[in-house]
There are 2 protein chains.
Amino acid sequence: MSRPTAHEVLAAVLQIRDGHLQVLAWQRAREPDAGRWALPGGRLRDDEDVEASVRRQLAEKVDVREIAHVEQLAVFSDPDRVPGPRTVATAFFGLVPSDADPALPADTAWHRLADLPPTAFDHALIVRDARERLRAKLSYTNLGFALAPHEFTISELRALYVGALGHPVSATNLQRVLTRRGLLQPTGAIAPPGPSGGRPAGRFRFTDRSLRVTDAFAVLRPPGEVARSAVP
Amino acid sequence: MSRPTAHEVLAAVLQIRDGHLQVLAWQRAREPDAGRWALPGGRLRDDEDVEASVRRQLAEKVDVREIAHVEQLAVFSDPDRVPGPRTVATAFFGLVPSDADPALPADTAWHRLADLPPTAFDHALIVRDARERLRAKLSYTNLGFALAPHEFTISELRALYVGALGHPVSATNLQRVLTRRGLLQPTGAIAPPGPSGGRPAGRFRFTDRSLRVTDAFAVLRPPGEVARSAVP
DNA sequence: GCACGTTTACGACTCATAGTCGAAAACAGA
DNA sequence: TCTGTTTTCGACTATGAGTCGTAAACGTGC
């Protein structure tokens with residue numbers, strides 16, 4: 001009754017580079033959509049689930065050890081989303097810390113989201129969803145850890161948040177809020193001052209490098225709890 | 001290279017009934033997993049995307065007009081999640097307002113999440129994810145609208161939140177927070193008092209019956225904005 | 001060395017939001 | 001009319017967040 005339906009995975013891997021949010025893409029050499037930029041991914045194999053599949057396929061483009069966070073985004077299943085056999089895609093979103101600069105194949109490059117070249121198929125939708133997910137989760141999780149190096153100064157962290165959110169962020173409040181919620185720790189180390197001098201900045205790290213959600217509505221959390229629960 | 005992979009959709013439809021969170025399920029008559037309870041769903045057709053598919057298949061179990069909210073949950077893709085041909089499932093989660101009591105087929109019934117009968121395949125995982133999604137979204141969205149009737153008293157609304165969250169909720173704070181964020185409106189109407197008397201309660205409604213997110217980290221929203229953005 | 005510009009750190013003040021408590025209002029039933 | 005119930009609403013307090021200003025710690029040029 002049905003023609004064969006393939007299943008693929010795709011990943012929008014984001015990183016703050018040069019203060020701007022960028023996405024990893026490769027340029028298609030063959031039709032359809034030759035010359036356009038596509039997200040890493042490919043067909044789901046019989047012996048792997050979608051998480052394993054996206055990690056395997058990302059490994060073909062970058063050193064997966066550089067990827068600090070990967071999560072499911074959504075399913076894209078429009079019957080005509082790609083030409084040829086019907087293909088349902090599970091989209092993922094990944095984050096690479098700003099200090100990583102993984103080696104890339106010749107056809108692969110980073111592109112600013114604000115200045116994206118022509119993209120293949122419906123991949124621009126996936127990139128848009130990934131950006132929205134990132135912006136939302138920065139607000140109620142510790143997801144900043146996946147954008148930041150292991151150690152950083154508050155100024156550096158602020159620059160990452162500005163790049164990801166696209167609007168000014170107060171360094172004082174950022175530090176206070178993250179500290180109060182127990183997400184941030186001073187390392188004791190001191191960063192060397194910049195070229196134009198200035199007081200040397202203290203270095204910090206995130207206490208957790210796995211996703212944690214913080215509170216929203218205080219009313220709606222169990223009474224007496226501090227509301228800081230881990231997420232699998 | 002690959003054996004055929006089917007794609008199905010499944011939905012965990014939740015409702016607060018008798019003050020408890022319940023899920024819609026039907027009892028399988030045939031093997032595999034005969035006698036166990038399964039979520040509504042079925043195979044994805046060639047001409048529909050997953051959203052259309054889940055709505056079509058839910059319509060076989062309930063009046064879809066009663067379903068106030070549906071959203072994607074996650075993909076379940078373990079190669080052995082079901083016996084037989086490999087099947088990747090896109091799981092959804094749906095909400096039915098507490099005043100709806102849709103007619104159900106003979107094999108279909110509501111079950112309390114706290115007291116779930118044996119479930120088929122990996123459907124218990126989907127139910128668990130749905131509950132977690134509901135609890136989280138109640139805290140930073142207006143998702144309560146999908147649990148509540150069009151009009152309700154604060155006490156009724158509080159009971160719904162208690163049922164969904166599983167812990168006590170302050171009626172005063174619930175009203176104040178929802179009102180402050182512009183999610184709640186008094187209708188002017190007055191509800192009749194209960195059997196044991198008491199002051200008649202004012203009736204309220206949600207200003208929006210589509211999903212809206214409210215703020216989390218105030219630091220991380222654009223300066224000067226009230227942070228109340230619609231979500232598609 | 002010393003003044004100057006620069007950058008970070010941090011305390012002080014103020015406003016907004018949330019948690020708690022208790023009194024008053026509005027009903028039913030005896 | 002009195003009592004018990006339920007809802008409503010104000011007052012008070014605690015905490016979190018926004019803003020500002022000043023001090024600390026550097027490099028540079030004189």
Participant: Can you tell me how far C1' of dA9(C) sits from CZ of R203(A), to the nearest Å?
Facilitator: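 So the CZ-C1' distance, R203(A) to dA9(C), works out to 16 Å.
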
Participant: Rounded to whole angstrom units, what separation is found between the CG atom of L174(A) and the P atom of dG18(D)?
Facilitator: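 Spelled out: CG on L174(A) to P on dG18(D) is 11 Å.
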
Participant: Rounded to whole angstrom units, what separation is found between the CG atom of N173(B) and the C1' atom of dT13(D)?
Facilitator: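 The distance from CG of N173(B) to C1' of dT13(D) comes to 13 Å, rounded to the nearest Å.
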
Participant: How many Å lie between CD1 on I154(B) and P on dT7(D), as a whole number?
Facilitator: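 Answer to the nearest Å: 10 Å.
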
Participant: Between F206(A) and F152(A), what is the ring plane arrangement, given parallel below 30°, perpendicular above 60°, and tilted in between?
Facilitator: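 Tilted.
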
Participant: Rounded off to whole Å, could you give me the CZ-to-P distance for the R180(A) and dT17(C) pair?
Facilitator: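 Rounded to whole Å, this separation is 17 Å.
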
Participant: When you measure from the side chain of N142(B) to the backbone of R212(B), do you find a donor-acceptor pair of N or O atoms at a distance under 3.5 Å?
Facilitator: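 Flag set: sc N142(B) to bb R212(B) pair under 3.5 Å.
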
Participant: State which of dG11(C), dT7(D), dT20(C) makes the closest approach to the side chain of T172(A).
Facilitator: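 In terms of side-chain proximity for T172(A), the closest of dG11(C), dT7(D), dT20(C) is dG11(C).
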
Participant: Inspect the contact between R81(A) and D49(B) and indicate whether a charged nitrogen and a carboxylate oxygen are less than 4.0 angstrom apart.
Facilitator: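 Here D49(B) does not pair with R81(A) in a salt bridge, since their nearest N and O are not under 4.0 Å apart.
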
Participant: Return no unless some side-chain N or O of R181(B) is found under 4.0 Å from OP1 or OP2 of dA18(C).
Facilitator: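 R181(B) to dA18(C) OP1/OP2: side-chain N or O found under 4.0 Å.
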
Participant: Whole Å only: how far is the CZ atom of R158(A) from the P atom of dA9(C)?
Facilitator: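 Rounded to whole Å, this separation is 12 Å.
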
Participant: Nearest whole angstrom, please: distance from the C1' of dT7(C) to the CZ of F152(A).
Facilitator: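 Computing the F152(A):CZ to dT7(C):C1' distance gives 18 Å.
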
Participant: Using the side-chain heavy atoms of S155(A), tell me which of these nucleotides is nearest: dT7(D), dT8(C), dT19(D).
Facilitator: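 It is dT8(C).
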
Participant: Determine yes or no for a side-chain-to-main-chain donor-acceptor pair under 3.5 angstrom, with T108(B) supplying the side chain and L104(B) the backbone.
Facilitator: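 Such a contact is absent between T108(B) side chain and L104(B) backbone.
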
Participant: Report the nucleotide, chosen from dA28(C), dA26(C), dA9(C), that has the shortest atom-to-atom distance to any side-chain atom of P193(B).
Facilitator: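 Per side-chain heavy atoms of P193(B), the pick is dA28(C).
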
Participant: Which sits closer to the 5' end of DNA chain D, R176(B) or I190(A), going by the nucleotide each is nearest to?
Facilitator: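 Nearest-nucleotide comparison on DNA chain D picks R176(B).
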
Participant: Starting at atom CG of L157(A), determine the distance to atom P of dA9(C), rounded to an integer number of angstrom.
Facilitator: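 One finds 12 Å between P of dA9(C) and CG of L157(A), rounded.
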
